[in-house]
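What follows is a single structure, written as structure tokens, with notes after it.
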Amino acid sequence: MHHGPLLQYMQTLAGLSERAIIYEYARSHEQRPLVHMIITSAENHRTLEQIRQQHLLLADPARSAGVDISQMPVVVRLGYGVHGNEPSAHNAAPLVAYHLLASNSQEVLQMLDKTIIIIDPSLNPDGQDRFASWVNRHRSRILNPDPAGREFSDVWPGSRTNHYWFDLNRDWLPVQQPESQGRIKEYHRWLPNVNTDHHEFGANSTFYFQPGVPSRGNPLTPKRTDELTMEVARYHARAFDKVGQLYYTEEDFDDYYYGKGSSYPDVHGSIGILFEQAGTKGHRVETVHGVVDFSETVRNQVIVSFSSLEAAYDMRLTLLDHLRWFYLTGVEEARKLPLQAWVFGDNYDQGRNYHFLEMLQTHQIEVFSLKENLKLSDYVFKPGSSWLVPLDQPQSRLVRSLFEEVLEFEDSLFYDVSTWTLPLAFNLPYGEIAGARQLSAAKGDLLTSLPELAGSVEGGSSGYAYVFAWDDYYAPKALYYLQGHGLRTRVATQPFSMKMGNEERVFGYGSILVPVQMQDMDPARVFELMQQATNLAGIKAFAIETSLSSHGTNLGSSALVTLRKPEILMLVGQGTNSREAGEIWHLLDQRFDMPVSMVEVGRFNNLDLSRYNTILMVSGSYGDISQGGRESLDRWLRNGGTLIALGNANNWLERSGLAKIEFVKVPEITDPVMLPYADRSRHLGARRNPGSIFRAKLDITHPIGFGMRQETIPVFISGNTFAMPDSSAFANPLIFPENNLMSGYIFEPYRPMIENTAGILINSRGRGNIISFLDNPNTRGFWFGTNRLFMNALFFGPIIRR
Ligand SMILES: [Zn+2]
């Protein structure tokens, strides 16, 4: 079903019944409304706000002890279709809603009296519509179940993801997409006791429901959560036994990563349940179980929706008590730890600080200002650019999962990544406060709003030049705006300092100079553009009146290199990684207001490349690039193009002879001649790098490292693509030293494979450069540390000399 009719149906239902209300909580990128329908008895609807307030008290350890739960309703959230191409999920929502509103059976009436049901009928409306449009336009009058049919294989980028090709079922923690931003806010308004998350897996499977693999749970999730999930599971089992449906539990999937819809609830005193139905991916399909109709898959999603409701109703008091217990014990455990708080913040980059705080606030984490300078190891945290997160707060378990570095694991298999330590992803300095006295000395006021990113041109209008530092995350936004309006700009490849009034201000590597006289417009217009650019980016620029610096290079020196505006082409389509492409599209379009031409690989061979100076190749096979296409790319490079390649796009570049890269061979592990066959998948799975964080050494004097102040940077790596450093000492701006694992899992014998390898390599070709990122610097839109290096490659790629 398309999203429009689904929405209309749900709205009509809500309008006809006093048991339901419906409201919009967010808009997708394509402006489709995301809604929640709340279903409960008419009586409960009259006091809904009081019920909600009372319910939230359970999560407040300071006040929850006195709450009488005996008459309180349990809150259940049914979430359908986070993946657009799993249609049995969102097609189940209207059936469930209809039954709950229309039935006058004793069972339903009793349930509604003691249950608040929140239906989220479609978590990903943009993906849903892509899918509905695909299968419906390939539907024949006589349904053909041949699985080879076009109907069953949605073209690139598929419809699992949202508008920018993000997997929304990984975004519950990073919350970089509007669907998740609205959803998490709404989640905290209700803190449901049970959360369902309806999915589909392969057509030849049966049905799966949680609990997941016991040894693969997150250690911060209490065992009691798993036990209750199991208790709920018995209801699904009973319901499926009755209709003869095969199913399994506990042998697959896990809730280790809290960024998924079934695991985020686990760290919020709730029971999150993943459902996986064997999907038909079309109207009717042949499977190992015979021919299956789409309607049968919807039926199963409806059945587990009701078994979940039945369980919640029966277990009401246990579940309400669990919510209270979860938050009480969270605080108790936190108080036993020697650690009091984390302090974090970058003294030079308010953009990254802002996004970090935004994330903490979305998750209802208490953050405090810093009262005075705080020196921890070598770093001085300063009020205004540093903040405190105490552990003694209701969200303590979530806080620990966001800040802790994890190096010990019960299991070596992960359904998703093994770590997401947030300050590392943001490359923010952070430290621990261990003593209560130190904490009270440092702790200021509770943060209630985000700091404003105010832009300004200090010193007003200049007839000579303006300069701004490259420290702030949003400096590239200002630079692109100026370039886009035709201003000539230069970048400092050596630092300098200028006297500004009584102050001496240091401008580091990557500072941007905008001369006034060398432009094709008058000084008043230059000033106007400077004001607009700094406001847009929320950064400070400075008016200057001389080329003569007080220290370092002078502004007319050749150490200040003229820049060109990036004209960007990104290859997309069949055979390329849509996730990586989507992350770049989102990064440039949403954060930096930069256009990118996304061109199908199949068109590349005959494309005139002259209008682009930057080409992006995300991971992919690129088998469709012909010899002619390769030659045209080579000519374009020799003419001064900048090619930026991610992940295994580098394998293609190496094979095609355009770049010299020596990949590291995965070490051969000699197994005993015979191992138990039953352990096969576990044995092989343990070698997979699920995604871990490694320390890299960064050359901050290299254009790739411009704007960074620390010579190490955390890098996220998933997979086993590593390369030897180049023979030129200036072509390896990012190197992994020894002992580099910061957080996450790695198969022990693979450790040496990463040591002394290069994370970024520079190859040159005529006047052009190839910049190879061996992994993906833009993971899931929240790797604000390494995506700065990617932005540097875009702007400074052309000025790099090997
Ligand atoms: Zn799914």
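Bear in mind that the values here come from a model prediction, so they are computed numbers and not experimental data. Whatever order the structure lists them in is the order used to number ligands and atoms, beginning at 1.
Listed for the Tyr208 side chain is a donor-acceptor partner under 3.5 Å among the backbone atoms of Asp252.
Within a 6.0 Å sphere centred on CD of Gln8, other residues, nucleotides and ligands contribute 12 heavy atoms or fewer.
There is no side-chain donor-acceptor pair under 3.5 Å between Asn300 and Tyr247.
The pair Glu186-Arg189 meets the salt-bridge criterion, since a charged nitrogen lies less than 4.0 angstrom from a carboxylate oxygen. Contact check on Lys260 versus Asp255 returns a salt bridge, with a Lys/Arg side-chain nitrogen under 4.0 Å from an Asp/Glu carboxylate oxygen.
With Arg160 as the partner, the side chain to side chain donor-acceptor pair (under 3.5 Å) test is satisfied by one option alone out of Asn85, Asp167, Asn169: Asp167.
Within a radius of less than 2.8 Å around the Zn ion (ligand 1), the protein N, O or S atoms are His83 ND1, Glu86 OE1, Glu86 OE2, His199 ND1.
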